[in-house]
Number of protein chains: 2
Amino acid sequence: MSDVIKPPPTANPALEIVHSPSLYQAVAERLRLMILENMLAPGSRISEKHLCETFGVSRTPLREALKVLANEGLIELLPNRGAHVTEIDPQEVSDLFDVMAVLEGLSGSLLADRASNEEIAEIQSIHNQMVACYQNQERSEYFRLNQHIHHRLTEISGNRVLHKLAPSLMTKVTRARYAANMQLERWEQSVEEHELILQALKKRDGPALSAIMSLHMQKTGDAVRQRLQPN
Amino acid sequence: MSDVIKPPPTANPALEIVHSPSLYQAVAERLRLMILENMLAPGSRISEKHLCETFGVSRTPLREALKVLANEGLIELLPNRGAHVTEIDPQEVSDLFDVMAVLEGLSGSLLADRASNEEIAEIQSIHNQMVACYQNQERSEYFRLNQHIHHRLTEISGNRVLHKLAPSLMTKVTRARYAANMQLERWEQSVEEHELILQALKKRDGPALSAIMSLHMQKTGDAVRQRLQPN
DNA sequence: GGAAGTAATTTTGAATTCAAAATTCAGAAT
DNA sequence: ATTCTGAATTTTGAATTCAAAATTACTTCC
């Protein structure tokens with residue numbers, strides 16, 4: 001294997017490193033996505049050399065990215081024994097949703113006080129798109145909008161710590177949902193809950209909004225729990 | 001400056017890199033502490049070369065540590081322009097305490113259900129030591145025990161996500177408290193609140209414990225807020 | 001045929017090197 | 001004196017190199 005012709009940066013265009021603020025961030029971003037979508041199996045070992053070739057970067061920025069991901073808990077670094085993708089532990093996923101639920105509750109309280117009319121209209125608009133996706137059974141676009149609306153809600157809540165914290169937790173939530181491969185029944189229920197959220201938001205009813213958003217996350221958690229622990 | 005005699009690892013023993021699982025972690029740990037205690041002033045630029053000499057390590061592990069700290073939000077990495085210690089933004093500190101308050105609330109709910117008698121006895125013991133420290137006005141030891149009791153409480157709550165999340169937020173809380181340079185008046189009140197927490201825990205009164213722990217964090221936040229915004 | 005020990009290979013951790021970008025400094029022009 | 005220009009220096013980003021540890025493969029012995 002000495003005469004392997006090194007291919008141009010990478011074969012798979014989906015894996016190419018593009019629009020990079022800095023190289024390690026681009027690599028971290030890519031890795032996150034790969035772990036999220038289970039392209040890297042939980043528990044599997046990550047070969048530095050292999051990933052370097054895949055991404056077309058040297059080990060330095062890759063290893064920097066690995067350190068960041070390890071800090072986020074997506075991978076584990078065993079000293080002198082390489083990086084492993086963390087397993088999806090049902091207990092940890094359960095714990096995660098409990099934490100997310102109280103954070104959503106906080107978000108709801110703040111939103112009722114702070115959302116402007118324009119912002120509420122924007123949320124309504126995203127919600128309408130989501131309903132349309134549901135009716136057309138456009139699953140992945142619904143998923144994308146769902147991420148987006150959550151992101152905007154934490155942003156509009158005006159608590160910057162919450163807004164910075166949520167995405168990294170959401171990454172794990174999304175990973176668990178991928179693994180759980182949610183069903184349609186829950187989809188309908190979820191849309192209804194979003195409807196209730198919009199109503200409470202428009203009424204600016206803090207306690208109600210807080211309760212519903214928290215409950216929504218709890219129920220999502222229940223559904224994921226059920227599928228991860230088929231007992 | 002070509003004949004500089006390189007000193008043994010480092011001059012200041014307090015800065016020496018010791019008990020390291022891996023080098024970058026040890027460096028990250030040290031840096032966290034230095035930022036926490038305002039040895040590195042908020043807003044100040046971090047010179048890689050200088051820190052390498054201080055720690056006696058090469059740039060590689062230092063830069064890995066910087067990436068991790070940036071991810072935690074303790075420093076900012078401006079591309080091609082170095083690392084800066086993040087400023088302590090009063091608004092962000094305020095937001096932080098709001099988030100911590102709901103997390104403490106969750107912790108309280110869980111603790112009432114899950115703490116064993118032995119664990120409650122352990123918490124009581126730490127609390128007793130804290131009271132003794134208060135009576136003897138041993139400020140720094142009280143501070144240390146306060147960190148410890150919070151850490152144990154999240155651990156005993158049994159929610160691993162909470163237990164992993166809290167320390168990194170606590171780092172920022174501690175940093176804000178250092179910056180605010182808390183006064184004695186609040187100290188007495190704080191001890192009383194801890195007393196109430198113990199009582200609720202022993203009664204295993206979930207709602208009460210949740211409320212008190214959350215309130216305790218909110219009040220700490222109020223005190224810090226007041227000192228950071230002297231208006 | 002299987003286990004144990006040892007050499008070769010691979011992989012990791014960390015220092016060094018190299019190139020590009022930013023900063024500093026000196027000198028010239030206004 | 002001040003501002004502009006451009007070379008020298010420093011600092012950063014990333015690749016490469018080197019040493020130590022771990023893994024693999026091979027040989028020998030039972």
Side-chain angles (χ1 to χ4, degrees), chain A residues 1-10 15-31 40 43-71 74-86, chain B residues 1-10 15-31 40 43-71 74-86:
Chain A
M1 296 251 174
S2 57
D3 58 338
V4 170
I5 294 165
K6 192 196 261 184
T10 161
L15 295 178
E16 229 159 318
I17 299 295
V18 273
H19 52 16
S20 40
S22 74
L23 206 39
Y24 90 96
Q25 280 186 337
V27 171
E29 194 68 28
R30 274 271 159 254
L31 268 174
L40 296 172
S44 69
R45 179 174 178 160
I46 294 176
S47 156
E48 288 187 7
K49 192 153 75 92
H50 177 250
L51 275 187
C52 284
E53 285 163 8
T54 308
F55 292 147
V57 301
S58 79
R59 283 177 60 218
T60 306
L62 175 68
R63 300 185 97 246
E64 289 170 348
L66 289 178
K67 261 80 181 177
V68 171
L69 285 251
N71 201 51
L74 290 177
I75 64 174
E76 286 168 319
L77 292 176
L78 313 183
N80 288 316
R81 317 176 112 250
H84 292 248
V85 180
T86 52
Chain B
M1 291 253 177
S2 57
D3 58 339
V4 171
I5 294 166
K6 193 196 262 181
T10 162
L15 295 179
E16 228 160 319
I17 299 295
V18 273
H19 52 16
S20 41
S22 73
L23 206 38
Y24 89 96
Q25 280 187 338
V27 171
E29 193 68 27
R30 274 270 159 253
L31 267 174
L40 296 172
S44 68
R45 178 174 181 161
I46 294 176
S47 157
E48 288 186 9
K49 192 155 73 93
H50 178 250
L51 275 187
C52 284
E53 285 162 8
T54 308
F55 291 148
V57 302
S58 79
R59 283 176 61 216
T60 305
L62 175 68
R63 301 186 95 246
E64 289 170 347
L66 289 179
K67 261 81 181 175
V68 172
L69 285 249
N71 200 53
L74 290 177
I75 65 174
E76 286 168 319
L77 292 176
L78 312 183
N80 287 317
R81 320 178 107 248
H84 291 250
V85 179
T86 53

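This structure is a prediction, so every number in the text was calculated from the model and none was measured. Below, chains carry the letters A, B, ... as their sequence lines are ordered, and counting in each starts from 1.
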Q: Let me know the distance between OH of A:Y24 and P of D:dA15, rounded to the nearest Å.
A: 15 Å

Q) In chain order, what residues pass the side-chain contact (heavy atoms from CB on, under 4.5 Å) check against A:A28, with sequence neighbours excluded? A) A:R32, A:A65, A:L69

Q.
Tell me the interatomic distance from B:H84, atom NE2, to C:dA22, atom C1', rounded to whole angstroms.
A. 12 Å

Q: May I ask you to test the A:R63-B:T60 pair for a side-chain heavy-atom distance under 4.5 Å?
A: no

Q) What's the CG-P distance between A:L23 and D:dT16, to the nearest Å? A) 13 Å

Q. Taking B:T54 for the side chain and B:H50 for the main chain, is one N or O donor matched with an acceptor at less than 3.5 Å?
A. yes

Q. Nearest-Å distance, CG (A:L62) to P (D:dG13)?
A. 17 Å

Q: Can you tell me the distance, in whole Å, between the CD1 atom of B:I75 and the C1' atom of D:dT12?
A: 14 Å

Q | Given C:dA15, D:dA15, C:dT11, the nucleotide with the shortest approach to the side chain of A:V57 | A | D:dA15

Q. Which pair of non-hydrogen atoms, one from B:P61 and one from B:V57, has the smallest distance, and what is that distance?
A. CG-CB, 4.1 Å

**Q.** Side-chain heavy-atom pair A:L31, A:L62 within 4.5 angstrom cut-off
**A.** yes

**Q.** A:E48 side-chain proximity, nearest of C:dA14, D:dA15, C:dT12
**A.** C:dT12

Q) What integer distance in Å separates B:L66:CG from D:dA14:C1'? A) 15 Å

Q. Mind checking whether B:E64 and A:K67 have side chains closer than 4.5 Å, heavy atoms only?
A. yes

Q: Can you figure out which of D:dA15, D:dG13, C:dT16 approaches the side chain of B:R59 most closely?
A: D:dG13

Q. Just how far, in rounded Å, is P of C:dA14 from CD of B:E64?
A. 7 Å

Q: Grab the two heavy atoms, one from B:I46 and one from B:L51, that are nearest each other, plus how far apart they are.
A: CG2-CD1, 3.2 Å

Write down the protein N/O and nucleotide N/O pairs, taken from nucleotides 19-24 of chain D, whose separation is under 3.5 Å; answer none if there are no such pairs.
{"unit_1": "D:dT23", "atom_1": "OP1", "unit_2": "A:R81", "atom_2": "NH2", "d": "3.3"}
{"unit_1": "D:dT23", "atom_1": "OP2", "unit_2": "A:R81", "atom_2": "NH2", "d": "3.0"}

Q | Closest to side chain of B:T60, choosing from D:dG13, C:dT16, C:dT12 | A | C:dT16

Q. Roughly how many Å is it from CZ in A:F55 to C1' in D:dG13, rounded to a whole number?
A. 18 Å

Q | B:R63 side-chain proximity, nearest of C:dA15, D:dT12, D:dA15 | A | D:dT12

